[in-house]
Amino acid sequence: MSPTKSASDVADLGLAEAGDARIVWADAQMPVLRSIRERFARERPFEGLRVGVCLHVTTETANLARTLIAGGAEVALCAANPLDTQDDVAAALVERHGAVVHAIHGEDMATYYRHIEAVLDTRPQLTMDDGADLVSTLHASRPDALADVLGGTEETTSGVVRLRALEAAGQLGFPVVAVNDARTKRLFDNRYGTGQSALDGILRATNMLLAGRVVAVFGYGWCGQGIALRAKGAGAHVVVCEVDPVRALEAKLEGYEVLPSVAAAAKGDVLITATGNRDVVRREHYEAMRDDVVLCNAGHFDVECDLAALRELSWERRQVRPHVEQHVLADGRRINLLAEGRVVNLAAAEGNPAAVMDMSFANQALAAEHLVKTAGTLAPQVHGVPAELDEEVARLTLAALGVEIDVLTDGQKAYLTTWEQGT
Ligand code: ADE
């Protein structure tokens, strides 16, 4: 048995061929990451470097792992959520691409954390996280190993929030690049990616018609904006709930109805959380809901709906379709919870499409290279993706799309740096 096989824990290595076919399909829609992979294969920026990766185990992540491996890295991968793993992809990564993988779809929480520990056992020198479970486990359980790590990257808003809290507590042990905050990540992956894939998850789970329905979106950040946009495009009446007054105003002027969350819960046929915060849907929301509503979460963690309160209110729970658990309340009202309240686009569908993950993962690959090039010089803080890398990803994506743009003339450049020219 190859060393990566014996070191891995995946559901079924026999799925490798099917997984590889899907990885190749996604790769065809990831031209920017592919061009970086070809360069990495020539330049080998990660020669012999151990990289610990905690990302959703999808075809897109597989192409990022291939890119790191092409650059000379030894990759150990675990899942960023117990329901995200595509078992065929995990098998293909082990069988065909030389990664060590610890990830099984539907694993319980103990196994999820055992898999994170298994990745940490490989003593990563670079970390790549989505939600900061890998980095927070490392800080909590292995402070001695922090010195081995030259840096890390973080994929998502919720993870960046946690890392900033770690930094504010003065405990962040190495520099982390917030890939999430790159413009070519959050403007596209969060908005158009999650906007589409969250609805994809809802539709695959329920096969419902959105036209004519009331869709309530809790949270009008980049993900909420994308979900609202796509729900409106599908013919739904969209209600937005938001605590930030500027964002709430933006939603209102965009044409959405803006309501407090309990009123939205009472009005919606489909309720979608995307706030990054906990207990957004609570007892008072469940008590207000209509019969037969669909409830789901598109935020990273499963804390947005208070599931303990829902269980307390439920007289009966039944699995009515894959990914749909129906909760029957005392008065007979039914609340259809999708994907156990976990991130619906990954648990009930395949995550964001490859074409947007191309930009996100190009940023990941370039941020990892940046951390290696600047090793020992960056402070142990959360850093942004350097603007030139972000713009490079945009330029390469435009080129792949066949889109040409103008450049400023010398006169225009000079005009932007002068204060003398006015009315
Ligand atoms: N996050 C959202 N969509 C994803 C995908 N397709 N792969 C990896 N991480 C994701």
Side-chain angles (χ1 to χ4, degrees), residues 19 22-30 32-34 51 53-68 75 77-90 92-93 97 99 101 103 105 112 127-134 153-160 178-182 184-202 204 221-227 230 272-274 276 296-302 339 342-365 367-368:
R22 295 200 314 111
I23 292 169
V24 169
W25 175 265
D27 194 45
Q29 297 162 69
M30 304 182 85
V32 177
L33 188 63
R34 198 165 58 246
V51 184
V53 181
C54 178
L55 294 176
H56 303 302
V57 183
T58 63
T59 52
E60 294 75 25
T61 295
N63 285 316
L64 173 59
R66 289 173 64 196
T67 304
L68 301 172
V75 169
L77 169 70
C78 61
N81 181 304
L83 291 186
D84 70 16
T85 299
Q86 297 170 10
D87 287 324
D88 56 345
V89 170
L93 275 169
H97 300 291
V101 182
H105 183 89
Y112 175 76
T127 64
M128 212 168 251
D129 225 339
D130 187 336
D133 280 346
L134 185 69
T153 63
E154 171 53 52
E155 170 74 7
T156 201
T157 317
S158 298
V160 173
V179 168
N180 178 72
D181 296 354
T184 47
K185 196 280 182 182
R186 61 170 199 256
L187 296 181
F188 305 107
D189 169 330
N190 299 24
R191 188 167 35 170
Y192 302 113
T194 307
Q196 178 172 313
S197 64
L199 294 192
D200 185 19
I202 295 168
R204 289 194 202 197
W222 294 111
C223 293
Q225 288 173 34
I227 295 167
R230 291 295 172 249
I272 311 168
T273 55
C296 64
N297 166 48
H300 185 83
F301 291 112
D302 64 343
R342 294 194 186 278
V343 61
V344 70
N345 57 345
L346 284 140
E350 291 172 64
N352 296 350
V356 286
M357 295 314 295
D358 191 25
M359 284 184 265
S360 306
F361 285 170
N363 275 295
Q364 284 281 6

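One-based numbering, in listed order, for ligands and for the atoms of each.
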* **Side chains of Q364 and E155, donor plus acceptor under 3.5 Å** => yes

* To do: Quick one: pull up CZ in R186 and CG in N180 and give me the separation to the nearest 0.5 Å.
  => 7.5 Å

* Does some side-chain heavy atom of T58 sit less than 4.5 Å from a side-chain heavy atom of D84? -> no

What protein heavy atom is closest to [atom], reported as residue, atom name and distance in Å?
atom                    : value
atom 10 (C) of ligand 1 : M357 CE, 3.6 Å
atom 1 (N) of ligand 1  : H56 CD2, 3.6 Å
atom 3 (N) of ligand 1  : N352 N, 2.8 Å
atom 7 (N) of ligand 1  : T58 OG1, 2.7 Å

* To do: Consider every N or O of E60 and every N or O of ligand 1, then say whether any pair is closer than 3.5 Å.
  => yes

* Asked: Are the side chain of D129 and the backbone of L134 linked by a donor-acceptor contact shorter than 3.5 Å?
  -> yes

* **Whether E154 side chain and T156 backbone form a donor-acceptor pair below 3.5 Å** => yes

* Asked: At a 4.0 Å threshold, what atoms of ligand 1 neighbour a non-hydrogen atom of G351?
  -> 3 (N), 6 (N)

* Short list, please: which atoms of ligand 1 are under 4.0 Å from a heavy atom of T61? -> 7 (N), 8 (C)

* To do: Could you walk me through whether R204 and D200 pass the salt bridge (Lys or Arg N to Asp or Glu O under 4.0 Å) test, one step at a time?
  => CA-CA 6 Å; R204 289 194 202 197; D200 185 19; 3.0 Å; yes

* Taking heavy atoms and a distance under 4.0 Å, where does E350 meet ligand 1: side chain, backbone, both or neither? -> backbone

